[in-house]
Amino acid sequence: MDNYIVKAYLVYLPIALILTLIVARIFFRNSKIFMSDIFRGRMEIANSTNKLFELGFYLLSLGFALFIMQVTGVYDITRQQFFEILSKKVGTLTVFLGVMVFFNLYMLFRGKKKTSENERLRKRAEQLAQQRLANQ
Amino acid sequence: MSWNEIAYMVYLPISIYETVVVGYRFHKHGLHLISDLFAPNVMLAKTTNNSLLVGYYLVNMGWITLSINLWGSIETAAMTFLIVTRSLSMIFIVLAVLHYNNIFWLYYFSTRQHLLKFLTSKH
């Protein structure tokens, strides 16, 4: 346990887990409102979709966090390298989490756009049908 | 106790717990989406959901038991951490890819169904 690599792993793991947990909790608490807007108040399916996206976020983020954890090429590192490697890994994970959050936001905005487009199309079709009835 | 045995004792409970919990949640929340897709036919939605769960468990358990065979002998603490987290991360990433694939197909079929309903309605 006096090896700095093991210490780096032991410091990195809790940071990665807690960071992922906090980001996912905050993001998916707020995305619920988006989901209820996209599914037009059908809360059951909105909550389910939200939970499924949350699970996907957790799986991908935790998988990435554990995947980038290993320190390669060296058997022992100095204290300076310990801090450098740790900051590099935490930084990579944070950037990845940011990209994931923006990806999920993109999907939410896309869903919102699609729903309003569909509603507009439906209204337009109803209008046309009524016009046709009136002309006959 | 060798490092290999410690790695097994850490890896197996975590991965099996993860498999069961994630599978249960997918099964529980995916039912709403699938039953929305198979609209009036509830039994078809339930059977599809159950067969998806069985397939998920088979793939995951097979992956877990196979990946233990590929480890070789572990000699240091750092290597234990590395191999256990690497195996776990591969499980998580493959699961995430499968999951997003499922979401994509659900989305694809539901939009196609909505479009068909829209086109075949009286307007």
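Heavy-atom basis, side chains included; hydrogens, waters and symmetry copies ignored. These numbers come from a predicted model, not from an experiment. Every chain is numbered from 1, with letters handed out A, B, ... down the list of sequences.
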Minimum heavy-atom distance [X]-[Y], with the two atoms named:
{"X": "B:Y100", "Y": "A:F57", "answer": "OH-N, 3.7 Å"}
{"X": "B:M90", "Y": "A:F67", "answer": "SD-CE1, 3.7 Å"}
{"X": "B:A96", "Y": "A:L59", "answer": "CB-CB, 3.8 Å"}

Take a 6.0 Å sphere around [atom1] of [X] and say whether it holds more than 12 heavy atoms from other residues, nucleotides or ligands.
{"X": "A:R79", "atom1": "CZ", "answer": "no"}
{"X": "A:F83", "atom1": "CZ", "answer": "no"}
{"X": "A:K51", "atom1": "NZ", "answer": "no"}
{"X": "A:E117", "atom1": "CD", "answer": "yes"}

Heavy-atom proximity to chain B below 4.5 Å, by part of [X]:
{"X": "A:Y58", "result": "neither"}
{"X": "A:L13", "result": "side chain"}
{"X": "A:L128", "result": "neither"}

Okay, B:I103 and chain A: the region with an atom under 4.5 Å from a heavy atom over there is side chain
Are B:H99 and A:L52 close enough, and set up right, to give a side chain to side chain contact (heavy atoms under 4.5 Å, CB included), and what steps lead you there? CA-CA 9 Å; B:H99 174 57; A:L52 284 180; 3.8 Å; yes
- Please examine the side chains of B:Y107 and A:K114, heavy atoms only from C-beta on, and report whether any two atoms are closer than 4.5 Å.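 They are in side-chain contact.
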Is there a donor-acceptor pair closer than 3.5 Å between any side-chain N or O of B:H29 and the backbone N or O of A:N50? no
State plainly whether one hydrophobic cluster holds both [X] and [Y], where clusters connect Ile, Leu, Val, Met, Phe, Trp and Tyr through side-chain heavy atoms under 4.5 angstrom apart.
{"X": "A:L17", "Y": "A:I26", "value": "no"}
{"X": "B:M9", "Y": "B:I83", "value": "yes"}
{"X": "B:L98", "Y": "B:V20", "value": "yes"}
{"X": "B:I93", "Y": "B:F104", "value": "yes"}
{"X": "A:L97", "Y": "A:L105", "value": "yes"}

Q) Should A:L10 and B:F81 be marked as a side chain to side chain contact (heavy atoms under 4.5 Å, CB included) after you check the CA-CA gap, both sets of side-chain angles, and the distance that decides it? A) CA-CA 9 Å; A:L10 284 176; B:F81 267 101; 3.5 Å; yes
Scored by heavy-atom pairs under 4.5 Å with chain A, the best of B:T76, B:T80, B:L88, B:L82 is B:L82
TODO: Find the one option among B:S35, B:G30, B:A78, B:S87 whose heavy-atom pairs under 4.5 Å with chain A are most numerous.
DONE: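 Max contact count across the listed options: B:A78.
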The reported gap from CG in A:L55 to CG in B:L95 (rounded to nearest 0.5 angstrom) is 10.0 Å
Rounding to 0.5 Å, atoms CD1 (A:I68) and OG1 (B:T85) come to a distance of 11.0 Å
Q: Show your working on side chain to side chain contact (heavy atoms under 4.5 Å, CB included) between A:E44 and B:D36 and close with a plain yes or no.
A: CA-CA 11 Å; A:E44 202 176 42; B:D36 188 52; over 6 Å; no
Of the listed A:S61, A:A8, A:G56, the one with the largest count of heavy-atom pairs under 4.5 Å with chain B is A:G56
